[in-house]
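Okay, so here's the structure we're looking at.
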Amino acid sequence: MVETKVKKAPAASKGAKAAKGAKPRIRTNPLLAPGVHRYSASHIFRKSGAWKFVGKTTEKKVTPRKPLTVEKKIGGEKNGGTRVVLLKKRTSSYPTSNSIRKHPSKNCFSQHKRYTRKTLTPGTVLILLAGRHKGKRVVLMKVLKSGLLLVNGPFKLNACPLRRIHQNFVIATSTKIDISSVNIPEKINDKYFQRVKDAKKGKKDDGEIFAKKAERYTPSEERKKDQAEIDKQLIAAIKKNPEKKLLFIYLRTLFGLRNQQYPHRMKF
Amino acid sequence: MGFSRFVEPGRVAYIADGPHRGKLTTIVDIIDQNRVLTDGPESGVPRMGIRLDQVHLTKFRMKFSHGTPTRLVRSFWNKHEITKKWEASSWYRRVENAKKRRAMTDFDRFKLRHHKSHRNQVRKLAFKQLYNIKKKEGAWRRKSKEELAKAKADRAAKKGKKPAAKK
C-alpha cells in the first residue's frame, strides 16, 4: 500500500504541471555542469521505478534439453546389439549410397489433363501451319482426348482429310461455322488414327533388302466412307451460312502473307 | 516554300503516340524545346504536357494567347468547329481506314482480295473491249509515209492558225 501511495504522489503533481504548461515527461538527466546533473540519483531511482525490483529475484526457467543421440537396435551377430546414433548428422558425414526417394505419383501421359486455347472451339476455321497440309484453311471438328485437334478440310473442298493436329501448329481465325448439326461418330477417336503396323516388316529372310518398294499410303474403305459422310454433313452446315459462297472459296484458298503483313500484328 | 505549321498556342495537333493515341488536342503553351502544354477538352484529352515527338501538327489553328484556360479552349474549339473540320479532312479518313484495316479478320482480308481481283477482271475486260474497238479503227496500225506527212501538215496548220486567232 505504501508503494502505491508513493507512485500516486508524483503523478498528481505531474498532472498539475501538465495543466499549466503541458511540459513533456522528463526521460533524460541533463548535465548542468561537469559532474552536476539536473536530477539526483534518488530522484531518478524513484522516477524510473527501479525501486520496484529491489530485493526481488526471478526464477530461472529450466528447459529440458533434447537428447542428441538415440540408441538403436542392430540385428546380426557380433554387432554388439545396439548402437548409439546421432539424431542430427554431422555435416562431415557422407552417405555411402543415395537414399531412395519416393517419387510423387504421376499418372500416364495419356491420362494428363489437356488444355486447349479458348479460341479453339468446334466449328472454328483454322489455318494449318505444319505438316503436309500447311497453309490450308480447315474446320475444327472437335478436340480429342489426347488434346489433339480433329480437323477436316472438308476433303471435298481442299483435299485435307479428317486428321489430327496439335494446337501449336494452328492459327485460329475468328470465322466460325455452326457445326452443331454435324454428327461425328464415336469411333473417330485417337485410336482410329493410330498407324497400322506392317505385318510383313518382321520377316528378315526376304532377301529383298535393296529392292524395297516404297509403299504409298492408301486409305481404307472404312476411312473413305467416314470421310464422305462427314464431308457431306459439314458442307451442308457451311451452306447454312449466309456467306456460303465466299466461305467455300475461302476454304479452298491457301493462306499466305503479303508485303507489310506481320502475323503478330494481325487479327485473325 | 517555308514552313506553315508551327508549334504555337492554338495549333491543333494529332497525338500519334502514348495513351491518348489517335486523338486531337491543341497546344496551349510551350514548356521547353521538346515539350508543350496541350489541352483537348472536346476530344477527351486532359490538359497535360506532352513531348513534341508524340504529336503531329495539323493545318488547323485557333488564335488564342499562351496559357488559355480549358474553358476558353473549349469555346474556341467549338467556335472554329475543329471536330467537324477534322472529320472532313483526308487525314482523318486515312486514320479511319487504317483502323478498319487493322480490325479486319482473316476472312475479311480474303473477301477484300477476292472482290478486288474480281473488280480488276471486270476492268480489264472493259479495257480490252475499248482497245479492240480502237484497234479495228486502226489506231495502233503503223502509219505510211504519206499519212505521217499529212498529219504533220495538219499540225503545222493548226499551229499557224492559233496565234492568228489570238490576235
Side-chain angles (χ1 to χ4, degrees), chain A residues 117-121 123-129 133-140 151 153-154 157-158 160 169-179 234 237-268, chain B residues 13-25 40 43-45 50-59 86-87 89-129:
Chain A
R117 265 178 277 149
K118 265 186 201 167
T119 46
L120 297 171
T121 51
T124 312
V125 174
L126 310 175
I127 299 163
L128 300 186
L129 300 175
H133 298 278
K134 62 185 157 199
K136 284 182 185 176
R137 292 180 174 110
V138 297
V139 181
L140 172 62
V151 298
L157 290 186
N158 57 18
C160 178
F169 304 122
V170 131
I171 294 175
T173 70
S174 38
T175 314
K176 291 199 194 292
I177 295 160
D178 182 19
I179 61 158
L234 183 55
I238 297 168
K239 270 184 184 166
K240 280 176 200 163
N241 197 295
E243 286 184 301
K244 58 177 179 180
K245 225 175 174 183
L246 281 164
L247 261 177
F248 278 127
I249 311 169
Y250 177 58
L251 286 168
R252 265 197 215 109
T253 44
L254 288 178
F255 170 76
L257 288 170
R258 310 204 140 197
N259 280 359
Q260 302 285 315
Q261 284 190 333
Y262 307 105
H264 55 282
R265 284 192 202 158
M266 275 151 63
K267 197 183 158 229
F268 281 93
Chain B
Y14 174 78
I15 303 177
D17 199 6
H20 292 287
R21 187 159 66 178
K23 291 178 187 170
L24 272 196
T25 187
S43 54
V45 184
I50 194 165
R51 280 205 318 278
L52 275 171
D53 58 3
Q54 293 184 324
V55 142
H56 296 170
L57 302 177
T58 68
K59 64 181 175 186
W86 164 246
E87 276 166 13
S89 67
S90 63
W91 188 346
Y92 174 78
R93 235 182 308 135
R94 230 166 42 232
V95 168
E96 286 300 297
N97 283 350
K99 244 187 237 169
K100 268 183 216 161
R101 217 167 264 274
R102 219 174 301 127
M104 275 207 303
T105 66
D106 190 48
F107 189 37
D108 292 336
R109 255 173 268 131
F110 164 78
K111 279 189 276 188
L112 176 71
R113 200 148 55 103
H114 181 76
H115 291 315
K116 244 185 183 174
S117 78
H118 179 69
R119 184 193 67 187
N120 289 345
Q121 250 178 342
V122 172
R123 188 189 271 168
K124 210 173 171 183
L125 215 77
F127 172 74
K128 264 265 160 86
Q129 276 176 343

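As the structure is a computational prediction, the values presented were derived from the model and not from experiment. To find a chain, count down the sequence lines: A is the first, B the second, and so on, and within it residues start at 1.
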- prompt: How about B:Asn120 and B:Ser117: does a side-chain donor come under 3.5 Å of a side-chain acceptor?
  reply: no

message: Check for me whether A:Lys244 meets the cation-pi criterion with A:Phe248, that is, NZ or CZ under 6.0 Å from the six-membered ring centre and within 45 degrees of the ring axis.
response: no

- prompt: Are A:Lys136 and A:His133 close enough that a side-chain donor and a side-chain acceptor fall under 3.5 Å?
  reply: yes

query: Can you tell me if NZ on B:Lys23 sees more than 12 non-hydrogen neighbours from other groups inside 6.0 Å?
result: yes

message: Show the nearest heavy-atom pair for residues A:Ile238 and A:Pro154, with the distance to one decimal.
response: CD1-CG, 4.1 Å

message: Nearest 0.5 angstrom please: B:Leu24 CG to B:Ile15 CD1, how far?
response: 8.0 Å

message: Need one label for A:Ile171: side chain, backbone, both or neither, based on atoms under 4.5 Å from any heavy atom in chain B.
response: neither

message: Suppose a student defines contact as a heavy atom less than 4.5 Å from any heavy atom of chain B. Which residues in residues 258-268 of chain A would they list?
response: A:Arg258, A:Gln261, A:Met266, A:Lys267, A:Phe268

statement: Pair count under 4.5 Å, heavy atoms only, with chain A: among B:Arg102, B:Arg109, B:Met104, highest is B:Arg109

message: I need the minimum non-hydrogen distance between A:Arg117 and A:Val170, along with the two atoms involved.
response: NH2-O, 3.3 Å

B:Phe107 versus chain A, the contacting section by heavy-atom distance below 4.5 Å: both

